[in-house]
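Step one of this worksheet: look at the structure below.
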Amino acid sequence: MAQILQPTDENLRLLRKFLRIQGLVAVPTETVYGLAANALDAEACSKIFEAKGRPSNDPLICHVGSYEDIHKICHSNELAEKLAKRFWPGPLSFVLPKKDIVPDQVTSGLPSVAVRCPSHPAFRQLIQGCDFPLAAPSANPFAYISPTTPDHVEAGLGQKIEYILDGGPCQHGVESTILDLRDPSAPRILRYGSLPAEDIETEIGFAIEKPSPDLKPHQAALAPGALPKHYSPRTPLHLKNIAISTEELTNAPDSTAYLLLTKPKGKFGPNIHWLSENGELSQIASNLYGQLRALDDASYSKIIAEEAPELNLGLAINDRLRRAASQ
Ligand code: TXA
Ligand code: MG
């Protein structure tokens, strides 16, 4: 069992000391909980891959306390600076050319590195006292649903790590948006996430390239981590891209869980669940992983979920649902 620590000054000091001696600490961010290590220490970062059972060809995101801190680890450009001014701290990661100080373990040997500056207050307090960036993937066993509470981290990795910093439930509930900025004249979204692509386009004034919806397995190597199967419950998950009818819900067998976007009107059985009261995408995103975990733990034989509208945060929600449903 890991110790779940509140972000008191004393605990933060202890966690920084532990990180300095190559320890792993689960940390809250505004997106999901991360499993953090000193990003400049190859051995510490190798322990992340071991604890998660993560393949070594899936690179990690480096987390910093401010935009100025990225100059130590990568070569920035004007577009990155502009976007950081507008959206950091927040759920947006940049991919930029790396500097030699970043170990190959972090980037899986790539000449680029992903960087982001989270906004969660407890994370900010922790990192502001560290003199190194923190490499942190989501704090879940590889390919399972990402954690949005300390209890989720404990359930998946409690046997493998010593400390979880308690920052309560994560605000956004899906991971950061990853933007390839290596060529600032052609920015490219590598992963939809909590910051909608539309917000980035509004800021920069032109359309950005989006991830291909049907990336084949051999192409996945070009965009590491974009595996077709990910974020997956053990229970088979099926998706519907049209609203599920009242008739279907009324006749639903008890062994099948339904996960709707919005609370249905009328009375239904205990196997009918929903992600929001009124269809607000931010509420759907923040409840998504917690609900999938709860349904996975409830021994249903099947989960049927509704897809979100294909815009804004709906793109990130559907990306996660489709990977979770992938066989
Ligand atoms: O919100 C988030 O981004 C969370 C929190 C903890 O910050 N982190 C997260 O990390 O989602 P992870 O490891 O689950 O996903 C990171 C993904 C990798 O799978 C990979 O696709 C991409 O980031 N990535 C990292 N470095 C990259 C690089 N140099 N080039 C392309 N993609 C990269
Ligand atoms: Mg992950």
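Residues: numbered from 1 along the sequence shown. Order of listing sets the numbers, starting from 1, for every ligand and every atom in it.
Salt-bridge formation is not detected for the pair Glu162/Lys47: no Lys NZ or Arg NE/NH1/NH2 atom is positioned less than 4.0 Å from an Asp or Glu carboxylate oxygen. With respect to the salt-bridge test (charged N to carboxylate O, under 4.0 angstrom), the residues Arg322 and Glu307 qualify. Contact check on Asp297 versus Arg234 returns a salt bridge, with a Lys/Arg side-chain nitrogen under 4.0 Å from an Asp/Glu carboxylate oxygen. Between Arg13 and Asp9 there is no salt bridge, since no side-chain N of the basic residue sits under 4.0 Å from a carboxylate O of the acidic one.
The backbone N or O of Pro118 sits nowhere less than 3.5 Å from a side-chain atom of Glu30 that would complete a donor-acceptor pair. Side-chain atoms of Arg16 come within 3.5 Å of backbone atoms of Leu126 as a donor-acceptor pair (strictly under, hydrogens ignored).
Across Pro137, Pro28, Pro55, heavy-atom proximity to atom 10 (O) of ligand 1 is greatest for Pro137. Among Ala36, Ser138, Cys170, the residue whose heavy atom sits closest to atom 14 (O) of ligand 1 is Ser138. For atom 15 (O) of ligand 1, the choice among His63, Arg116, Arg191 with the nearest heavy atom turns out to be Arg191.
When each atom of ligand 1 is checked for a heavy atom of Leu190 under 4.0 Å away, the hits are 31 (C), 32 (N). Annotation for ligand 1: atoms under 4.0 Å from non-hydrogen atoms of Arg54 are 12 (P), 13 (O), 14 (O), 18 (C), 19 (O). Residue Ile178 has at least one heavy-atom neighbour below 4.0 Å for each of these atoms of ligand 1: 17 (C), 22 (C), 23 (O). Counting atoms of ligand 1 from 1 in the listed order, those under 4.0 Å from a heavy atom of Asp58 are 18 (C), 19 (O), 20 (C). In the vicinity of Ser112, heavy-atom distances shorter than 4.0 Å reach the ligand 1 atoms 28 (C), 29 (N), 30 (N).
Look at Leu110 and you'll find a heavy atom under 4.0 Å from some atom of ligand 1. Ligand 1 is never approached by Lys98 to a heavy-atom distance shorter than 4.0 Å.
Other residues, nucleotides and ligands contribute over 12 non-hydrogen atoms within 6.0 Å of the NZ atom of Lys210.
When heavy-atom distances to ligand 1 are checked against a 4.0 Å cut-off, Thr107 has no atom that comes that close, whether in backbone or side chain.
Side-chain polar atoms of Arg116 and Thr31 form a donor-acceptor pair below 3.5 angstrom. Between Glu175 and Ser138, the side chains place no donor N or O within less than 3.5 Å of an acceptor N or O (distance only, hydrogens not considered).
In summary, an N, O or S atom of Ser138 is located under 2.8 Å from the Mg ion (ligand 2).
Considering backbone and side-chain N/O of Glu175, none are found under 3.5 Å from N/O of ligand 1.
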